[in-house]
Amino acid sequence: MVYFPSVVALLALVSTAHAWDGPSYSGFKVVWQDSFNGGSGESPNSGNWNLITGHLGYNNELETYTSSTRNVQIRGGATVQIVPWQDGSVQGGWSSGRMESKYVFTPTAGGVTRAEAQIRFGTNSIDRKQGIWPAFWMLGDALRHGVGWPDCGEVDALETINGRLTGYGTVHCDVNPGGICNEGSGIGGNIGIPDQGWHTWRVDFDRRSGNWRDHSITWYMDGTQFHQVTGDRINNEGVWNRLCHSPLYFILNVAVGGTWPGNPNDSTQDGYGSMMEVAYVAHYTD
Ligand SMILES: *[C@@H]1O[C@H](CO)[C@@H](O)[C@H](O)[C@H]1NC(C)=O
């Protein structure tokens with residue numbers, strides 16, 4: 001009984017090494033997902049993702065994004081790793097990764113649309129992550145078609161800063177500064193994260209009601225709700241449309257430094273220990 005199960009377990013590991021899909025949820029079907037199949041050390045599927053490059057200069061962040069597999073790579077176990085490195089040869093002194101989906105989805109009228117990823121963080125201790133800012137989020141596709149930020153709409157499923165075990169979910173909308181979403185803060189909620197290991201981050205867009213004021217966007221970690229914004233709270237149909245009725249795309253990135261987390265300090269460590277690793281990104285409908 002000792003050997004047989006371990007052989008089975010090994011076979012199971014081998015046979016699932018190329019597929020770590022989003023789970024099936026009763027009443028939902030997967031419309032699109034990337035479970036990051038591929039060989040260890042490869043780039044993510046370029047049919048699915050744009051790898052953003054350069055020093056974007058948002059929020060006073062330091063990182064320069066590159067398309068190098070040093071910063072963004074598939075790991076053999078069917079995940080993608082986004083890895084920040086201290087690098088004196090790039091602007092800001094840090095290189096990192098940011099991937100944006102070519103895939104665009106619109107929350108379905110009359111139903112519930114689910115966006116979900118499973119994520120863990122590198123094992124560096126928390127006091128060695130000052131300035132590290134991983135995120136799984138969505139932007140309104142209008143941004144790619146001439147509409148500015150935050151008018152395009154932004155839905156952040158998960159952000160953490162400085163290694164802290166607090167997950168933030170936020171919407172950004174309307175105008176900056178101020179406006180309906182109180183920019184630059186946005187309308188946010190948060191939840192304690194048990195540990196740096198694998199957890200599931202979900203946003204449900206609920207358009208079941210015939211009345212847009214009753215529509216909602218709801219955030220969950222491992223199935224526990226931690227934030228909700230309704231159409232009624234936004235109280236402006238055009239602004240709500242950008243958040244809950246319009247095409248969105250996925251973003252995975254690790255920023256470094258900037259106004260919110262503050263910059264890295266002498267304790268901050270780079271590399272895999274400060275990475276964000278993602279097992280799948282999935283879009284479901286009911
Ligand atoms: C760096 O910042 C972290 C908080 O994020 C703190 O715990 C640590 O002591 C700081 N290290 C130095 C050298 O300032």
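For ligands, and for the atoms within them, numbers begin at 1 and follow the listed sequence. Side chains included, hydrogens not; waters and symmetry mates left out as well; all remaining heavy atoms used. Since we're looking at a predicted model, the values are computed, not measured.
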Give yes if a backbone or side-chain nitrogen or oxygen of S267 is under 3.5 Å from a nitrogen or oxygen of ligand 1, and no if not. yes
Quick one: which ligand 1 atoms are inside 4.0 Å of a heavy atom on D127? 3 (C), 7 (O)
For atom 2 (O) of ligand 1, state which one of D266, N265, T268, N263 supplies the nearest heavy atom. N265
Does the cation-pi check pass for R202 over Y25, that is, NZ or CZ under 6.0 Å from the six-membered ring centre and within 45° of its axis? yes
Determine the interplanar angle of the W260 and W133 rings, folded into 0 to 90°, and report it as parallel if under 30°, tilted if 30 to 60°, perpendicular if over 60°. perpendicular
Using side chain to side chain contact (heavy atoms under 4.5 Å, CB included) as the criterion, point out the one residue from T268, N253, D270, I132 that pairs with P84. I132
Heteroatom proximity flag, Q130 to ligand 1, N/O under 3.5 Å: yes
Only one of W137, F105, W201 clears ring pair (Phe, Tyr, Trp, His ring centres under 6.0 Å) with F250; which? F105
